[in-house]
Amino acid sequence: MSIPNQSKISAQHVNVWYGAKQAIADVSLDFGQDHVTALIGPSGCGKSTFLRTLNRMNDTIAGAKVEGDITLDGENIYSPDMDVVQLRARVGMVFQKPNPFPKSIFENVAYGPRIHGLAANKPQLAEIVEKSLRRAGLWDEVKDRLTESGTALSGGQQQRLCIARAIAVDPEVILMDEPCSALDPIATAKIEELIHELKGRYAIVIVTHNMQQAARVSQRTAFFHLGTLVEYGATSDIFTNPRQERTKDYITGRYG
Amino acid sequence: MLALFLVIAGLGLIGWLTARLRAVSFRRGSTARFSSLPSHFGGYVALWTVLPAALFLCVWSATSPALVTDRVLHDPAAAQLPPQGFNRAAILSEARSLASGNSFGAFNPLSKKLAPAYAAAQTRNDWIGAAIALLLSFATGGFAYTRVRPDFRARTKIERLMMAGLLAASLIAILTTMGIVASLLFESWRFFNIVPIGDFLFGTHWSPQVIDPADPGKTLGAVPLFWGTFFIGAVIAMLVAIPFGLMSAVYLTQYATPTARRWMKPILEVLAGVPTVVYGYFAALTVAPAVRDFAVSIGITWASSESALAAGLVMGVMIIPFVSSMADDSLAAVPDAMRDGSLAMGATASETIQRVLLPAALPGVVGGVLLAVSRAVGETMIVVMAASGVATLTLNPFASATTVTKQIVDLLTGEAEFDSPKTLAAFALGLTLFIITLLLNIVALTVVKRYREAYE
Ligand SMILES: Nc1ncnc2c1ncn2[C@@H]1O[C@H](COP(=O)(O)OP(=O)(O)O)[C@@H](O)[C@H]1O
Ligand SMILES: [Mg+2]
């Protein structure tokens, strides 16, 4: 099941174990450069686990083991030559619960550029911060209070701050793990709008348990069940005309 | 006295048994539900039999000596007693010892004459006390027994008594502490009547062995002690404890495998339980000579064998587990999401620790360090064994320095009258130390608490 043309990330025969327990079994998926790809499936089916293989965040979990080939622009991200620091700068991540650092709004966004040395001087850094906050649709709300703590913002603003923080290192891919599940409907709508605007500039992979959201924001949808990939295709096809019985059961709410 | 207690306990037992029997008998043949079991009735009656009488006996034994003395003073022989004063008290106490058989010789013939009166009054009082206690026991026990009826809620009453008992137990600790503080305040007040408070707090010369009665404040300036305490406990010890404690906490929370953590954390905690006197040996016998030899080898020939450095180093080692466990708690309280957020930005583990975890944990760490300082400042055994008794105002870690706690011990272990400025100075020092550590603890706990709330 691959999407031809400009695939940015390609995962082939991926297996993941937590200790002796297999969480992902033989999943192969290609992510298009210009697409928003949604990963859906019942809770515990391995969506987060699979997402975290794409920027090697599973490395941080003791006992987690990943097998298979995952390439970014054709380069194997699990090869010994791959620099994890660089990889994570290229593949950014936004988490389920907004997790701004307990620092100022400015410092939150400047965090990545600072550790990766992206700005030669202060004005340049300020420029990156402003650009990222603008792209995340947060600039107008925070431009007068950049020195205030990021944790003082509302939940939706915090999540957009985290998106700005990810954007600030100029990634190629952005992974989002249920980015709206802790937000109210209005904040959710703002994030979805933002995803629309970011589409095309970054390849986006979003995990969601909200099927309407998947239908609204994505062009491709992958349905996971019990650690396996059941069906992958254009979002419109998955939702109107699923080929697999299990997919149909899930999207019609037979189980969840 | 002991026999009396046994008798009352026996009465309690009888009360328990009879009340139980009665409860069993009215439960038999009845199908109603009772709020209390027979043992509750038994317990209720037993407590009412024993507690009031026991309380009375405690009060009685506290007031009885005064009553006895009062009676003895009405004896004709007492007319020969000298009026108020030391002699009068000495004779009376001698007579008391004679009467109770604790002493066989008497220096004063008068006390021998008073002894029989004492013995008589004592016996009389004992009998009165015993009679009242037994009467009370019967009365309250009997009253409780009459209340043993099916609808009586003995269970709730016992519950209330338990609560009262627990409350009393917790009040005892608080009241005792308050009593100690009060006596500290009182003795210090006496001290400051003799020595001006300004001389004590700001004077820089401390040598309590030579006190000029005309101007006692001249040699009782405590600044060198405060400085020594600060230098050893808050500077040298913290220079050891903060870096090592922090690093071990970072290792344990961020790098150690679960197995390593499972081993190392308890070991560190055991270190915190090593008696300080053991650290004291180590400081005095091993570290102090080594420090002196080292100082001599680098050319400081006058280095003290009781250097501030030796005591401070060992104290620092003693505090490491404490700092480590406080820092460990604060680091563990930083949500994992912070760490993940930083790692996902491409930061390495050590960048994440420096830039995100430690700043986030900082208030907790600072609070922990303040608590550690307060412990180090009050620590006694190590400095008693390893620090010098000479108070010097020095910045040199190889020179000798002394601390407040060490001086308190020295002041009180010599032979001295109990109201000389020298002895009273110990109380003033104790009070100052108490206030300092109290303030440190309040600040530290406030900081720690505020920080805990931030992540809830
Ligand atoms: N850190 C972990 N250690 C052990 N098991 C895990 C861990 N994270 C997830 N799992 C297990 O892996 C499976 C997939 O989890 P996850 O990827 O979080 O599912 P989803 O995101 O689809 O809800 C679940 O059964 C979960 O219990
Ligand atoms: Mg998940």
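A, B, ... follow the sequence lines: proteins, then strands. Residue 1 opens every chain.
For OH of B:Tyr281, the number of neighbouring non-hydrogen atoms (other residues, nucleotides, ligands) closer than 6.0 Å is 12 at most. Enclosure of atom OH in A:Tyr78 by more than 12 non-hydrogen atoms of other residues, nucleotides or ligands within 6.0 angstrom is indicated. Heavy atoms of other residues, nucleotides or ligands lying less than 6.0 angstrom from CZ of B:Phe202 number 12 at most. The number of heavy atoms from other shown groups lying within 6.0 Å of CE (B:Met178) does not exceed 12.
Atom CD in B:Glu351 sits 8.0 Å away from atom NE2 in A:His116 (nearest 0.5 Å). How far CG of A:Asn55 is from CG of B:Leu343: 10.0 Å, rounded to the nearest 0.5 Å.
A pairwise comparison of heavy atoms in A:Arg165 and B:Met345 identifies O-CE, 3.1 Å as the closest pair. Residue B:Val356 comes nearest to A:Phe101 through the heavy atom pair CG1-CD2, 3.7 Å, listed as atom of the first residue, atom of the second, then distance. Considering all non-hydrogen atoms of both residues, B:Ala347 and A:Ile115 come closest at CB-CD1, 3.5 Å. The nearest pair of heavy atoms linking A:Met93 to B:Ala344 is CB-CB, 4.0 Å.
The contact between B:Arg339 and chain A is made entirely by side chain atoms (from C-beta outward), counting heavy-atom distances below 4.5 Å. A:Phe95 touches chain B through its side chain: at least one heavy atom from C-beta onward sits under 4.5 Å away, while N, CA, C and O do not. Proximity to chain A (any heavy atom under 4.5 Å) is shown, for B:Thr257, by neither the backbone nor the side chain. Only the backbone of A:Pro100 comes within less than 4.5 Å of a heavy atom of chain B; no side-chain atom from C-beta onward does.
Taking chain B as the reference chain and counting heavy-atom pairs below 4.5 Å, the highest number among A:Val91, A:Asn99, A:Val94 is found for A:Asn99. The candidate with the highest count of non-hydrogen atom pairs below 4.5 Å against chain B, out of A:Arg56, A:Arg52, A:Arg90, A:Lys103, is A:Lys103.
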